[in-house]
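Within every chain, numbering begins at 1; the chains are lettered A, B, ... in the order of the sequence lines, protein sequences first and strands thereafter. Keep in mind that what you see is a predicted model, and the values were worked out from it rather than measured.
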Amino acid sequence: MIDKILDSPAAALAEVPDGATILIGGFGNAGMPSALLDALIAQGARNLTVVNNNAGNADAGLAALIAAKRVSKILCSFPRQTDSWHFDKAWRAGELELELVPQGTLAERLRAAGAGVGAFYTPTAFGTRLAEGKETRHINGRDYVLEYPIHGDYALIKADRADRWGNLAYRKTARNFGPIMAAAAKCTVAQVRQIVALGAIDPEHVVTPGIFVQRVVKVPALEGAA
Amino acid sequence: MIDKILDSPAAALAEVPDGATILIGGFGNAGMPSALLDALIAQGARNLTVVNNNAGNADAGLAALIAAKRVSKILCSFPRQTDSWHFDKAWRAGELELELVPQGTLAERLRAAGAGVGAFYTPTAFGTRLAEGKETRHINGRDYVLEYPIHGDYALIKADRADRWGNLAYRKTARNFGPIMAAAAKCTVAQVRQIVALGAIDPEHVVTPGIFVQRVVKVPALEGAA
Amino acid sequence: MKKLGRNQIAARVARDIPEGAYVNLGIGLPTLVANHIPGDREVILHSENGVLGIGPRPAPGREDEDLIDAGKSPVTLLAGGSYFHHADSFGMIRGGHIDICVLGAFQVAANGDIANWHTGEADAIPAVGGAMDLAAGAKQVFVTMEHLTKKGESKIVERCSYPLTGVGCVTRVYTDLAVIDIKADGLHLVEICAEGLSFEELQKLNGVALKYKAAV
Amino acid sequence: MKKLGRNQIAARVARDIPEGAYVNLGIGLPTLVANHIPGDREVILHSENGVLGIGPRPAPGREDEDLIDAGKSPVTLLAGGSYFHHADSFGMIRGGHIDICVLGAFQVAANGDIANWHTGEADAIPAVGGAMDLAAGAKQVFVTMEHLTKKGESKIVERCSYPLTGVGCVTRVYTDLAVIDIKADGLHLVEICAEGLSFEELQKLNGVALKYKAAV
């Protein structure tokens with residue numbers, strides 16, 4: 001019997017090696033896999049490359065991972081926040097490399113990784129500093145920049161419900177990067193509020209089919225909000 | 001008040017010009033917008049470029065459009081069927097140009113059009129006759145073929161339910177090309193079984209947001225099966 | 001002269017947003033535009049983080065941390081709204097499905113270039129978000145900004161000195177002084193908004209030449 | 001010698017499909033594989049037209065025209081199944097998420113090339129469907145075919161003479177005579193399936209050299 005459900009975030013992340021690329025879902029607090037981030041900090045892997053829309057807020061989650069000096073590189077679209085002090089400090093100290101990626105290009109590069117696209121041309125950022133040094137091409141009257149996929153070793157995402165096959169449904173704007181990160185990683189770990197019986201998620205309403213999910217951990221709402 | 005619902009297939013297709021590119025949803029009978037195809041035949045536009053997975057079956061729908069000599073070019077993945085006699089005859093007579101596209105490349109080219117991607121590299125068809133004359137590139141240890149988007153002037157698709165904003169939900173495997181064709185066309189016309197009140201499709205379950213749909217026509221199930 | 005306030009600029013933008021438009025409002029002043037769209041005009045608001053059909057701010061205590069906009073503020077959803085993932089959301093933007101986006105800016109150039117993401121200072125922490133995608137992808141890019149810097153220099157310039165967000169994409173600029181269209185042949189004054197400001201004075205403040213077809 | 005029948009080949013393939021595998025079965029003989037997967041082994045079947053978790057054929061009269069597989073035959077859906085659109089479906093294939101696809105073929109070459117979509121005749125109406133995507137994208141490509149043509153020529157060849165479907169992608173071939181792995185250093189016989197067929201006879205029929213590590 002297929003059963004992707006594990007007992008704890010710690011069990012789900014036990015083998016994360018140093019140097020891994022970790023895709024982290026969420027936009028603001030919505031969809032942020034807090035319990036998985038706590039487990040990753042406890043697990044101890046170092047020299048990580050992290051992909052997230054932001055670069056951590058306040059003192060928990062990704063910010064705590066940065067504060068613990070586990071992150072050597074971060075790909076994100078918007079690191080600067082009023083409370084991104086751990087990132088700010090590490091970046092100014094040169095402890096951490098930043099690859100700034102426009103948000104839509106970040107999303108499309110993740111989507112390309114999941115969908116087996118080798119590279120793609122996007123109009124975004126053409127003629128700007130973020131396209132400097134990149135290959136460009138004029139296609140059908142418009143200018144485009146060549147961009148490459150972002151593959152993850154792990155994706156840590158948060159969904160609302162899962163079944164034992166790993167099918168996921170999300171809640172409102174907490175969906176955000178979850179589906180595309182799930183498809184872009186070798187090992188996707190989903191933190192969910194609720195485990196439901198196989199078939200309880202209507203097949204029309206499955207947002208991330210289980211083919212993209214390797215591990216599921218139930219984290220009750222209270223713990224997830226920590 | 002936004003209201004994308006029109007009275008009839010004829011009203012929805014009144015302005016289709018000669019020479020238009022028409023994306024036609026459906027895979028087999030599932031998702032085939034039969035009533036819209038009948039209306040397109042009655043409307044009379046000629047010299048059409050048609051995109052569909054197949055090239056018509058038996059004597060109705062796309063096959064009838066071909067029989068009526070309205071199609072000058074077809075892009076599809078699988079024209080040859082036991083009952084594709086109208087296509088077979090027109091193709092052998094040289095009346096119709098065929099661009100044969102691997103099914104996944106067809107889907108991805110449509111998706112690229114809807115998502116504003118200028119071109120993309122796919123591993124599919126590398127080293128085969130269908131990649132002859134196409135640009136290729138070696139990326140990260142694999143060989144890829146460069147492919148371009150397929151934009152439509154019109155998309156004719158079939159969905160299960162719609163509201164007046166044009167939000168769509170589909171039924172089972174009738175979803176197939178609908179969502180990506182809707183996004184790839186300037187004017188998407190959806191034939192639906194049922195019109196529901198705004199909000200009656202759960203926002204979590206909308207598959208094609210109304211932003212991709214310009215016109216909706218209700219076609220009761222019996223008529224749609226004709 | 002009497003310059004427009006932030007809400008007046010937002011109201012002026014709202015006048016130009018037609019029923020049925022799919023609109024993305026940037027953070028800051030652009031977000032205020034939503035407050036000025038008449039209640040009987042259906043406009044569908046998009047946010048980069050995967051939502052169409054944003055409604056008013058929730059009442060205090062009714063916030064849902066899973067329902068936020070691109071500025072990470074709590075919002076509500078109208079009947080007819082929908083949720084989708086980030087790649088689909090930016091597919092809408094990049095694919096030209098958003099009719100209008102409204103962005104703030106540091107500078108706009110006469111050729112439609114926009115600079116709004118980076119001050120150019122070497123030690124500034126850069127952050128771009130979805131601004132470059134919106135600039136490149138929306139059918140129309142409206143910019144709202146104060147017309148002049150604190151030093152009195154025009155933010156509408158011949159060529160941006162700040163790092164660009166997008167090239168040749170801005171279609172209309174709404175400032176506290178005027179509304180200006182950007183076309184292939186340059187800047188066209190649509191109307192003067194500041195009370196008591198003459199065309200000649202505006203032209204002088206603006207720096208770059210303005211075309212103005214008065215009685216149309 | 002006694003060659004395997006179609007159902008015996010399908011049953012042999014089924015033996016190699018492990019629990020939990022995501023599998024795409026091509027039209028024809030490959031479709032039969034589903035019938036031979038033990039009922040207590042959970043295997044998730046994918047079809048190109050946007051479905052995961054395909055179950056048995058429906059009982060007569062219970063067909064649903066909106067629920068079909070890539071061969072356009074009516075199917076059922078297991079609990080845990082899901083629907084998605086064509087770009088997502090081929091994203092699964094191209095992105096390497098399908099563990100095994102099983103395809104028929106005209107020819108397979110010693111380097112893993114496969115030819116299964118076109119006879120090469122000039123006036124043949126070409127049709128490719130999803131074959132090239134599956135060949136390029138699945139983690140493992142299994143081929144089922146009769147070992148010999150009607151004329152007695154091996155369909156396992158040094159180099160395909162028919163137009164290719166994919167290059168260097170086939171990992172294992174199941175015929176009515178044998179199971180053969182394709183590795184970087186050539187063909188490896190896994191087992192002889194036809195009763196009474198010796199390695200030497202198979203080698204002679206096969207044409208291309210076979211490696212065979214007997215007692216492993």
Q: Could you name the residues of residues 122-143 of chain C that have a heavy atom within less than 4.5 Å of a heavy atom in chain A?
A: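 Listed by number, the contacting residues are C/D123, C/A124, C/I125, C/P126, C/A127, C/V128, C/G129, C/G130, C/M132, C/D133, C/A136.
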Q: Relative to chain C, which segment of A/Y170 carries a heavy atom at a distance below 4.5 Å: side chain, backbone, both, or neither?
A: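 Neither; nothing under 4.5 Å.
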Q: Using a strict cut-off of less than 4.0 Å between a Lys/Arg side-chain nitrogen and an Asp/Glu carboxylate oxygen, indicate whether A/R70 and A/E95 qualify as a salt bridge.
A: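 Judged by the 4.0 Å cut-off on N to carboxylate O distance, A/R70 and A/E95 do not form a salt bridge.
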Q: What option among C/G50, C/G168, C/G166, C/P163 has the most heavy-atom pairs under 4.5 Å with chain A?
A: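 Going by pairs under 4.5 Å, I would pick C/P163.
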Q: Between A/V101 and chain C, with a heavy-atom cut-off of 4.5 Å, which part of the residue counts as in contact: side chain, backbone, both or neither?
A: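 For A/V101, the backbone is the part near chain C, not the side chain.
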Q: Heavy-atom count check: over 12 atoms from other residues, nucleotides or ligands less than 6.0 Å from A/E204 CD?
A: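 Above 12, so yes.
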Q: Tell me which of these, C/V75, C/T165, C/N49, has more heavy-atom pairs under 4.5 Å with chain A than the rest.
A: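 Looking at each of C/V75, C/T165, C/N49 in turn, C/N49 comes out on top.
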Q: Please look at A/D160 and chain C and tell me whether the side chain, the backbone, both or neither of the residue comes under 4.5 angstrom of a heavy atom of that chain.
A: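 Answer is neither: A/D160 stays 4.5 Å or more from chain C.
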Q: Under 4.0 Å between a side-chain nitrogen and a carboxylate oxygen: does that hold for A/E108 and C/R94?
A: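 Judged by the 4.0 Å cut-off on N to carboxylate O distance, A/E108 and C/R94 do form a salt bridge.
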Q: Is C/Q107 reaching over with its side chain to a backbone N or O of C/Y162, donor-acceptor style, under 3.5 angstrom?
A: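 The answer is yes, because a donor-acceptor pair under 3.5 Å joins these two groups.
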Q: Main chain of C/V157, side chain of C/S154: is a donor-acceptor contact present, judged purely on distance under 3.5 Å?
A: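 Answer holds: no.
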Q: For chain C, which candidate among A/G127, A/P102, A/A107, A/A174 shows the most heavy-atom pairs at distances under 4.5 Å?
A: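 Among the listed options, the one with the most contacts to chain C is A/P102.
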Q: Assess the residue pair A/S34 and A/N29 against the criterion (side chain to side chain contact (heavy atoms under 4.5 Å, CB included)); give the C-alpha distance rounded to whole Å, side-chain angles, the decisive distance to 0.1 Å, and a yes or no.
A: CA-CA 9 Å; A/S34 309; A/N29 283 326; over 6 Å; no
Q: Does a salt bridge link A/K134 with A/E147, judged by any charged N lying under 4.0 Å from a carboxylate O?
A: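 Result for this pair is yes, salt bridge flagged.
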Q: Does any heavy atom of chain C fall under 4.5 Å from the side chain of A/L106, the backbone, both, or neither of them?
A: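 Answer is neither: A/L106 stays 4.5 Å or more from chain C.
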Q: Is it the case that the side chain of C/D99 and the backbone of C/A21 share a donor-acceptor pair, with hydrogens and angles ignored and the cut-off at 3.5 Å?
A: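 Not confirmed, C/D99 side chain does not pair with C/A21 backbone.
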Q: Hey, which residues of residues 180-188 of chain A are touching chain C, say heavy atoms under 4.5 Å apart?
A: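 Hits under 4.5 Å: A/I180.
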Q: Starting from the C-alpha separation in whole Å, work towards a yes-or-no answer on side chain to side chain contact (heavy atoms under 4.5 Å, CB included) for A/R129 and C/W117.
A: CA-CA 11 Å; A/R129 187 182 278 195; C/W117 72 284; 4.1 Å; yes
Q: Walk me through it: do C/Y174 and C/R12 pass the test side-chain hydrogen bond (donor to acceptor under 3.5 Å, both in side chains)?
A: CA-CA 8 Å; C/Y174 299 82; C/R12 180 59 191 83; 4.8 Å; no
Q: Got C/H188 and C/I180 here, is their nearest side-chain heavy-atom distance under 4.5 Å?
A: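 Answer no - side chains too far apart.
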Q: Among residues 76-86 of chain C, which residues come closer than 4.5 Å to chain A, judged by heavy atom distances?
A: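 So far as heavy atoms go, C/Y83, C/F84, C/H85, C/H86 are the residues that approach chain A to under 4.5 Å.
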Q: Which answer fits A/R111, side chain, backbone, both or neither, if we ask what part of it has an atom under 4.5 Å from a heavy atom of chain C?
A: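 Just its side chain gets close to chain C.
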Q: Using a 4.5 angstrom heavy-atom cutoff, name the option from A/D143, A/V207, A/L130, A/T124 with the most pairs to chain C.
A: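 Sorted descending by pairs with chain C, the first entry is A/T124.
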Q: Using non-hydrogen atoms only, which part of C/I93 is less than 4.5 Å away from chain A: side chain, backbone, both, or neither?
A: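 Neither part.
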Q: By a 4.5 Å heavy-atom criterion (distance strictly below it), what part of A/S84 contacts chain C: side chain, backbone, both, or neither?
A: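 Neither part; nothing is under 4.5 Å.
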Q: Evaluate the side-chain proximity of A/L62 to A/V50: yes if any heavy-atom separation is below 4.5 Å, no if none is.
A: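 Yes, their side chains come closer than 4.5 Å.
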Q: Only pairs of heavy atoms separated by less than 4.5 Å count here; which of C/D88, C/D113, C/D66 has the most with chain A?
A: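 Heavy-atom pairs under 4.5 Å are most numerous for C/D66.
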Q: May I ask you to check whether over 12 heavy atoms, not counting those of C/K211, lie within 6.0 Å of atom NZ?
A: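 Counting other residues, nucleotides and ligands, NZ of C/K211 exceeds 12 neighbours.
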Q: Okay, side chain of A/R193, backbone of A/P220: is any donor-acceptor separation there less than 3.5 Å?
A: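 Not at all, since once roles are kept as given, no pair shorter than 3.5 Å links the two residues.
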Q: By salt bridge (charged side-chain N to carboxylate O under 4.0 Å, His left out), which residues pair with C/R6, not counting sequence neighbours?
A: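 C/R6 satisfies salt bridge (charged side-chain N to carboxylate O under 4.0 Å, His left out) with no other residue.
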Q: Quick one: does C/L205's side chain get under 4.5 Å of C/H147's, heavy atoms only?
A: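 They are not in contact (no side-chain heavy atoms under 4.5 Å apart), so the answer is no.
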Q: Tell me whether A/N140 at atom CG has more than 12 heavy atoms from other residues, nucleotides or ligands lying less than 6.0 Å away.
A: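 No, the 6.0 Å shell around CG holds no more than 12 heavy atoms from other groups.
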Q: May I ask you to check if C/K72 and A/F27 form a cation-pi contact, with NZ or CZ under 6.0 angstrom from the six-membered ring centre and within 45° of the axis?
A: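 Flagged: C/K72 positioned over aromatic ring of A/F27.
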Q: Report yes if the side chains of A/K158 and A/M32 come closer than 4.5 Å at any heavy-atom pair, otherwise no.
A: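 No. Closest side-chain heavy atoms not under 4.5 Å.
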Q: Taking every non-hydrogen pair under 4.5 Å, which of A/G28, A/G31, A/A55 racks up the most with chain C?
A: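 The option with the most such pairs is A/G28.
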